[in-house]
2 protein chains.
Amino acid sequence: MIEVITQDRPVVVDALPATQQLAAWLKVLAEPRRLQILNLLIAGVQCNCELGDHLDMAPNLISHHLSVLRKAGLVEVERDAVDARWVYYSLNRATLAALNAAFGAFFDPTRIQPRRAVCGPQGNVLPAATIHVTKH
Amino acid sequence: MIEVITQDRPVVVDALPATQQLAAWLKVLAEPRRLQILNLLIAGVQCNCELGDHLDMAPNLISHHLSVLRKAGLVEVERDAVDARWVYYSLNRATLAALNAAFGAFFDPTRIQPRRAVCGPQGNVLPAATIHVTKH
DNA sequence: GATATACTTCAAGCATGATTGAAGTGATTA
DNA sequence: TAATCACTTCAATCATGCTTGAAGTATATC
């Protein structure tokens, strides 16, 4: 826990469970192929083979990514009642809702505070354009 | 581009710019320390040294992560007008708004389509609980 | 039972990127 | 001008995890 002093009372800028949970979800989502898989699941595509056809990926790789998504609670698994060899994946709407809530809470524009001049001379600030950007 | 057939008209499930852009942002955000840095920036903390104090990180590492955030357009840089040795980082609200919009659009619950039985016998589905989970 | 199907798990190889210490840059002060 | 300060860049190490091919599992069919 880190405390930042406001006018007269401390505000907690937690290093915290909520942020950690969001970080864990983002790590799972920060994979282009997993996002594509989610995109297909959202569109109603559900079996390993068809996901592979659409994304041009080996079935074991699809299986791996689906496993990661499943461990994160984002997708669920079912087997076909007629022929149980077929496996269908679907979205976990509750987790998706929690994810949306966590993301929205963290990046809520109204949370943004003005600069606190804790270090530095006094904090009169130059426009960004005047900065010397080093080229290499 | 991938086309999925709905009732009577094709719906584009693009492999697409919007998803690619979101994936790029998520990759930048999927780093616990960067999320913590953003969290501090949101709380009004802005110079490298103080971020380092709060997060117990070396200044060069902070600098590295801030550089990644800056290249993603999420933060901006300014130098102090009184003493230009001090550098202040702040959030780019426009990019943050675009990020929120992209995330919200991708994970919009109303986008979720019901299963399309394209492969598999017919798609009568068993509850997830009946699945045999292999242990090792 | 033997074979086929749909998928999963395992055991590498490999690439990306976080981390670290040292050197470098720009600005200020003595 | 020399020294200091705040920060950045560089080079190298190291860890995480994606990817791939092979082997394994569960289910269904012959």
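Note that the structure is a prediction, hence the values are computed from the model and not measured. So you know, we letter chains A, B, ... as the sequences are listed, proteins then strands, and number each from 1.
Here the C1' atom of nucleotide D:dC7 and the CZ atom of B:Arg79 are 7 Å apart, to the nearest Å. Protein atom CG of B:Leu55 is 15 Å distant from nucleotide atom P of C:dA18, rounded to whole Å. B:Trp86 has its CH2 atom 16 Å from the C1' atom of D:dT8, to the nearest Å. Residue A:Ile62 contributes atom CD1, which lies 15 Å from atom P of C:dT9 at whole-angstrom precision. With rounding to whole Å, B:Leu66 atom CG is found 17 Å from D:dA6 atom P. Between the CD atom of B:Glu78 and the C1' atom of D:dT8 there is a distance of 18 Å, given to the nearest Å. C:dA27 atom C1' lies 16 Å from atom CG of B:Asn48, rounded to whole Å.
For the pair A:Arg115 and B:Tyr88, the cation-pi test (distance below 6.0 Å, angle within 45°) is passed.
The minimum heavy-atom distance between B:Thr110 and B:Asp108, with the atom names listed, is OG1-OD2, 2.8 Å. Nearest approach of A:Leu51 to A:Ile62, heavy atoms of both residues: C-CD1, 3.7 Å.
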**Request:** Assign a letter to each nucleotide of nucleotides 17-23 of chain D from its 5' end: B, base within under 4.0 Å of a protein heavy atom; S, sugar-phosphate only; -, no contact.
**Result:** -SBBBB-
**Message:** If you apply the rule side-chain contact (heavy atoms from CB on, under 4.5 Å), what do you find for B:Leu40 with B:Tyr89, and how did you get there?
**Reply:** CA-CA 11 Å; B:Leu40 287 172; B:Tyr89 284 90; over 6 Å; no
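Residues A:Leu22 and B:Leu29 form no side-chain contact, since every pair of their non-hydrogen atoms from C-beta on lies 4.5 Å or further apart.
Under 4.0 angstrom from either OP1 or OP2 of C:dT8 there lies at least one side-chain N or O belonging to A:Tyr89.
Applying the side chain to side chain donor-acceptor pair (under 3.5 Å) test to A:Arg33 and every residue at least two apart in sequence or in another chain returns nothing.
For B:Asn100 (side chain) and A:Phe107 (main-chain N/O), a donor-acceptor pair under 3.5 Å exists by modelled atom type.
Using modelled atom types, one finds a donor on one side chain and an acceptor on the other under 3.5 Å when comparing B:Arg111 with A:Asn39.
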Could I get a table of every N or O pair under 3.5 Å where one atom is in the protein and the other is in nucleotides 28-30 of chain C?
{"from": "C:dT28", "atom 1": "OP1", "to": "B:Ala84", "atom 2": "N", "distance (Å)": "3.3"}

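Screening B:Leu69, B:Leu96, B:Leu74 for a side chain to side chain contact (heavy atoms under 4.5 Å, CB included) with B:Leu91, the sole residue that qualifies is B:Leu96.
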